[in-house]
Amino acid sequence: MVQAKTWILKQHFEGFPKDTDFELKLEQLSEPRDGEVLLEAVFLSVDPYMRVIQSKNPSFPVGCHVVSRCGWRTRTVSDGSDITKILADWPQDVSLSHALGAIGMPGLTALYGLEEVCAIKPGETLLVNAAAGAVGSVAGQIAKLKGCKVVGSAGSDDKVAYLKELGFDQAFNYKTVPSLEEALKNASPEGYDCYFENVGGPFSSVAILQMKAFGRIAVCGGISLYNDTTPQTGPYPHLQMIFKQLKMEGFLVGRWEHKNDESLKRMLTWIQEGNLKCKEHVTVGFENMPAAFMGMLQGENIGKAIVKV
């Protein structure tokens, strides 16, 4: 019998998550049957990245590395239907942890939000909030590669400095600017063609007013809303959206799953060429999963937050 450590949600969050909302348990796993594999976590995130340590499934030989949505656990038995191999020609000089970041779901989210939802074009201006995070930082860099002007908003001076290192044309700390409206106008007086939305709430209400006619908004997340106990209300942007003829579309990355292989290869090439930079915020130790999760929600990370088991 193989043992696995697993974090469970002891109770649903009321407001911001607390340590007492989580419980660490020890679980006994059965031996893999025909067609099954035993996975061991190497890096963990919202999507755990794992390696196969025992296999009775020829599609996943022992030692191969995969991505799986198995939850916060050190080991799991899988029939292979819920796991995906990382790129076969993964270079040795690129950390496998990037399969959870720029060469994984966050990177694909950034790419598809720009290409499929915004249909961004060279010469356009992009606004990204939560721009120093795993998705926002990649979205801004991809837009620069496509010949766009990029403005980023982040929640600390260190994050703003990081955005400037990445080549963002303008960046500001939304927590310290006297007026968000003025900060957005100063960064791009002519307005914004595209807006990559990660935050929601009051930021979104102000940003929509700065969009150009026929602007496109890709709604990826709403981190300012996730821990609300009372739903936020208005103001309501409908008239601005009508008169400016704006397009606002929510999306989930799985819609374009059929493009993933080609897309991941493109982003891996950009990393190897030095055109896409990826910063990671690494927490060591499976026992620290809840702390890493809560730290991410509080904006402690620059780049992708992961846990090294």
A.B. asks: Determine whether N288 and V307 make a side-chain contact, defined as any pair of heavy atoms from C-beta on separated by less than 4.5 Å.
C.D. replies: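 No, too far: nothing below the 4.5 Å cut-off.
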A.B. asks: Spell out, yes or no, whether I120 and F251 are grouped together once hydrophobic residues are joined by side-chain heavy atoms under 4.5 Å, including indirect joins.
C.D. replies: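 I120 and F251: one cluster.
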A.B. asks: Can you establish whether the number of heavy atoms outside L26 located under 6.0 Å from its atom CG is more than 12?
C.D. replies: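 Enclosed.
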A.B. asks: Let me have the donor-acceptor pairs involving side chains of residues 132-145, under 3.5 Å, with sequence neighbours excluded, atom names and distances please.
C.D. replies:
residue, atom, partner, partner atom, Å
S137, OG, G133, O, 2.6
Q141, OE1, K277, N, 2.7
Q141, NE2, S137, O, 3.1
Q141, NE2, K277, O, 2.9
K144, NZ, C148, O, 3.3
K144, NZ, D169, OD1, 3.1
K144, NZ, D169, OD2, 2.9

A.B. asks: Any salt bridge between E280 and K304, counting N to O under 4.0 Å?
C.D. replies: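 Salt bridge flag = no for K304 with E280.
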A.B. asks: Mark yes when over 12 heavy atoms from residues, nucleotides or ligands other than K18 sit less than 6.0 Å from its NZ; otherwise mark no.
C.D. replies: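 More than 12 heavy atoms, drawn from other residues, nucleotides or ligands, come within 6.0 Å of this atom.
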A.B. asks: Restricting to non-hydrogen atoms, name the atom on F172 and the atom on L184 that form the minimum distance, rounded to 0.1 Å.
C.D. replies: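 Looks like CZ-CD2, 3.8 Å.
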A.B. asks: Roughly how far apart are L38 CG and I53 CD1, rounded to 0.5 Å?
C.D. replies: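 The distance works out to 4.0 Å.
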A.B. asks: Is there a donor-acceptor contact under 3.5 Å linking the side chains of S95 and S97?
C.D. replies: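 There is such a pair (donor and acceptor under 3.5 Å, judged by atom type) between the side chains of S95 and S97.
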A.B. asks: Please examine the side chains of K247 and I217, heavy atoms only from C-beta on, and report whether any two atoms are closer than 4.5 Å.
C.D. replies: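 No. Closest side-chain heavy atoms not under 4.5 Å.
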A.B. asks: For the side chain of Q232 and the backbone of S224, is there at least one donor-acceptor N/O pair under 3.5 Å apart?
C.D. replies: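 Answer holds: yes.
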A.B. asks: Counting C-beta onward and ignoring hydrogens, is there a side-chain heavy-atom pair between L163 and V128 closer than 4.5 Å?
C.D. replies: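 The answer is no; the side chains never approach within 4.5 Å.
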A.B. asks: Does a sphere of radius 6.0 Å around NZ in K121 hold more than 12 heavy atoms from other residues, nucleotides or ligands, not counting ones at 6.0 Å or beyond?
C.D. replies: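 Yes.
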A.B. asks: Compare all side-chain heavy atoms of W256 with those of V117 and state whether any distance is below 4.5 angstrom.
C.D. replies: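 Sidechains of V117 and W256: in contact.
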A.B. asks: Is it the case that the side chains of D79 and S81 hold a donor-acceptor pair, with the cut-off being a distance below 3.5 Å and no angle test?
C.D. replies: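 Checked: S81/D79 side chains pair up, N/O donor to acceptor below 3.5 Å.
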A.B. asks: Would you find more than 12 non-hydrogen atoms of other residues, nucleotides or ligands less than 6.0 Å from E14 atom CD?
C.D. replies: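 Incorrect, the count does not exceed 12.
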A.B. asks: Enter the distance from L114:CG to L126:CG here, rounded to the nearest 0.5 Å.
C.D. replies: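 These two atoms lie 6.0 Å from each other.
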A.B. asks: What verdict does the side-chain contact (heavy atoms from CB on, under 4.5 Å) test give for S188 and L127, after you've listed the backbone C-alpha separation in whole Å, the side-chain angles of each residue and the deciding distance to 0.1 Å?
C.D. replies: CA-CA 9 Å; S188 182; L127 171 63; over 6 Å; no
A.B. asks: Hey, does H98 have a side-chain heavy atom less than 4.5 Å from the side chain of L276?
C.D. replies: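 When only atoms from C-beta onward are counted, H98 and L276 do not touch, as no gap falls below 4.5 Å.
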A.B. asks: Step through the shown structure and confirm whether more than 12 heavy atoms of other residues, nucleotides or ligands are within 6.0 Å of CD on E182.
C.D. replies: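 Yes, because the 6.0 Å sphere around CD of E182 holds more than 12 heavy atoms from other groups.
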A.B. asks: Does the Lys NZ or Arg CZ of K259 fall within the cation-pi geometry relative to Y112 - under 6.0 Å from the ring centre and within 45° of the axis?
C.D. replies: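 Relative to the ring axis of Y112, which defines the angle, K259 lies outside at least one limit.
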A.B. asks: Quick one: does K25's side chain have a donor or acceptor within less than 3.5 Å of a partner on I8's backbone?
C.D. replies: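 A pair under 3.5 Å: no.
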A.B. asks: Given L264 and W90, is the side-chain contact (heavy atoms from CB on, under 4.5 Å) satisfied, shown in steps?
C.D. replies: CA-CA 11 Å; L264 291 171; W90 193 283; over 6 Å; no
A.B. asks: Taking the inter-plane angle between the rings of F13 and F22 on a 0 to 90° scale, is it parallel (under 30°), tilted (30 to 60°) or perpendicular (over 60°)?
C.D. replies: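 Tilted.
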A.B. asks: Quick one: pull up OH in Y195 and CG in N129 and give me the separation to the nearest 0.5 Å.
C.D. replies: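 Going from OH on Y195 over to CG on N129, the span is 4.0 Å.
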A.B. asks: Report the residue from E249, E124, E115, E116 that forms a salt bridge (Lys or Arg N to Asp or Glu O under 4.0 Å) with R216.
C.D. replies: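 When salt bridge (Lys or Arg N to Asp or Glu O under 4.0 Å) is applied between R216 and each of E249, E124, E115, E116, only E124 qualifies.
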A.B. asks: Can you tell me how far apart CG (N186) and CD (E181) are? Round to the nearest 0.5 Å.
C.D. replies: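 It is 10.5 Å, given to the nearest 0.5 Å.
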A.B. asks: Check K308 against F43 and note the closest heavy-atom contact, atom names and distance.
C.D. replies: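 Distance-wise, the nearest heavy atoms are CG-CE2, 3.8 Å.
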A.B. asks: Check the hydrophobic clustering (I, L, V, M, F, W, Y; side-chain heavy atoms under 4.5 Å; chains of links allowed) and say if L225 and I208 are grouped together.
C.D. replies: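 No; tracing contacts between hydrophobic side chains, which count when under 4.5 Å, never links both residues.
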A.B. asks: Tell me the side-chain hydrogen bond (donor to acceptor under 3.5 Å, both in side chains) pairs involving residues 233-242, sequence neighbours left out?
C.D. replies: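 Every candidate side-chain hydrogen bond (donor to acceptor under 3.5 Å, both in side chains) pair involving residues 233-242 fails, so no pair, neighbours aside, qualifies.
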A.B. asks: With a 4.5 Å limit on heavy-atom distance, are the side chains of L24 and E287 in contact?
C.D. replies: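 Yes - at least one pair of side-chain heavy atoms lies under 4.5 Å apart.
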A.B. asks: Which heavy atom in R75 sits nearest to a heavy atom in A4, and how many Å separate them?
C.D. replies: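 Residues R75 and A4, closest heavy atoms: O-CB, 3.4 Å.
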A.B. asks: Any chance you could lay out the side-chain contact (heavy atoms from CB on, under 4.5 Å) test for C220 and F196, step after step, and finish with the verdict?
C.D. replies: CA-CA 7 Å; C220 169; F196 200 106; 3.5 Å; yes
A.B. asks: Kindly indicate whether the side chain of P91, heavy atoms from C-beta on, has any atom under 4.5 Å from the side chain of L268.
C.D. replies: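 P91 reaches L268 side chain to side chain.
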A.B. asks: Where do F168 and V160 land on the side-chain contact (heavy atoms from CB on, under 4.5 Å) test, with the steps shown first?
C.D. replies: CA-CA 9 Å; F168 280 55; V160 169; over 6 Å; no
A.B. asks: So that I can tick it off, tell me whether K56 and E31 are bridged by a salt bridge, with the cut-off set at under 4.0 angstrom between side-chain N and carboxylate O.
C.D. replies: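 No, E31 and K56 are not salt-bridged.
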A.B. asks: Is there a path from V62 to V42 through hydrophobic residues (I, L, V, M, F, W, Y) whose side chains come within less than 4.5 Å of each other?
C.D. replies: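 Shared cluster, no.
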A.B. asks: Distance from M294 atom CE to D21 atom CG, nearest 0.5 Å?
C.D. replies: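 Between atom CE of M294 and atom CG of D21 there are 8.0 Å.
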A.B. asks: Closest heavy-atom contact between T20 and Q11?
C.D. replies: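 Smallest heavy-atom distance, with atoms named: O-NE2, 4.1 Å.
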A.B. asks: Given the rule that I, L, V, M, F, W and Y join up when any side-chain heavy atoms are under 4.5 Å apart, are I86 and L111 in one cluster?
C.D. replies: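 Result: yes, single cluster for both.
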A.B. asks: Quick check: do S78 and V37 have side-chain heavy atoms less than 4.5 Å from each other?
C.D. replies: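 Yes - at least one pair of side-chain heavy atoms lies under 4.5 Å apart.
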A.B. asks: With sequence neighbours excluded, give me every side-chain hydrogen bond (donor to acceptor under 3.5 Å, both in side chains) pair touching residues 204-213.
C.D. replies: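 Listed once each, the pairs are D193-K212, E197-S204.
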A.B. asks: So which atom in G80 and which in N57 form the shortest heavy-atom distance, rounded to 0.1 Å?
C.D. replies: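 Looking at all heavy atoms of both residues, the closest pair is CA-ND2, 4.3 Å.
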A.B. asks: Should we say atom NE2 of H258 is surrounded by more than 12 heavy atoms from elsewhere, each under 6.0 Å from it?
C.D. replies: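 Buried by this count: over 12 neighbours within 6.0 Å.
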A.B. asks: What is the ring orientation for F293 with W72, classed by angle as parallel under 30°, tilted 30 to 60°, or perpendicular over 60°?
C.D. replies: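 Perpendicular, since the angle between the ring planes exceeds 60°.
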A.B. asks: Given 3.5 Å as the limit, does a donor-acceptor pair link the side chain of T74 with the main chain of K5, or not?
C.D. replies: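 Yes; at least one donor-acceptor contact below 3.5 Å.
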A.B. asks: For the hydrophobic clusters of this structure (ILVMFWY residues joined by side-chain heavy atoms under 4.5 Å, transitively), does one cluster hold both V2 and V52?
C.D. replies: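 Not linked; separate clusters.
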A.B. asks: Could you measure the distance from the NZ atom of K159 to the OH atom of Y174? Nearest 0.5 Å is fine.
C.D. replies: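 Answer for the NZ-OH pair, K159 versus Y174, is 7.5 Å.
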A.B. asks: Please give me the minimum heavy-atom distance between Y192 and A187, naming the atom from each residue.
C.D. replies: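 The answer is OH-CB, 3.7 Å.
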A.B. asks: Would a distance-only check, ignoring hydrogens and angles, find a side-chain to backbone donor-acceptor pair under 3.5 Å from Y162 to D158?
C.D. replies: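 Not confirmed, Y162 side chain does not pair with D158 backbone.
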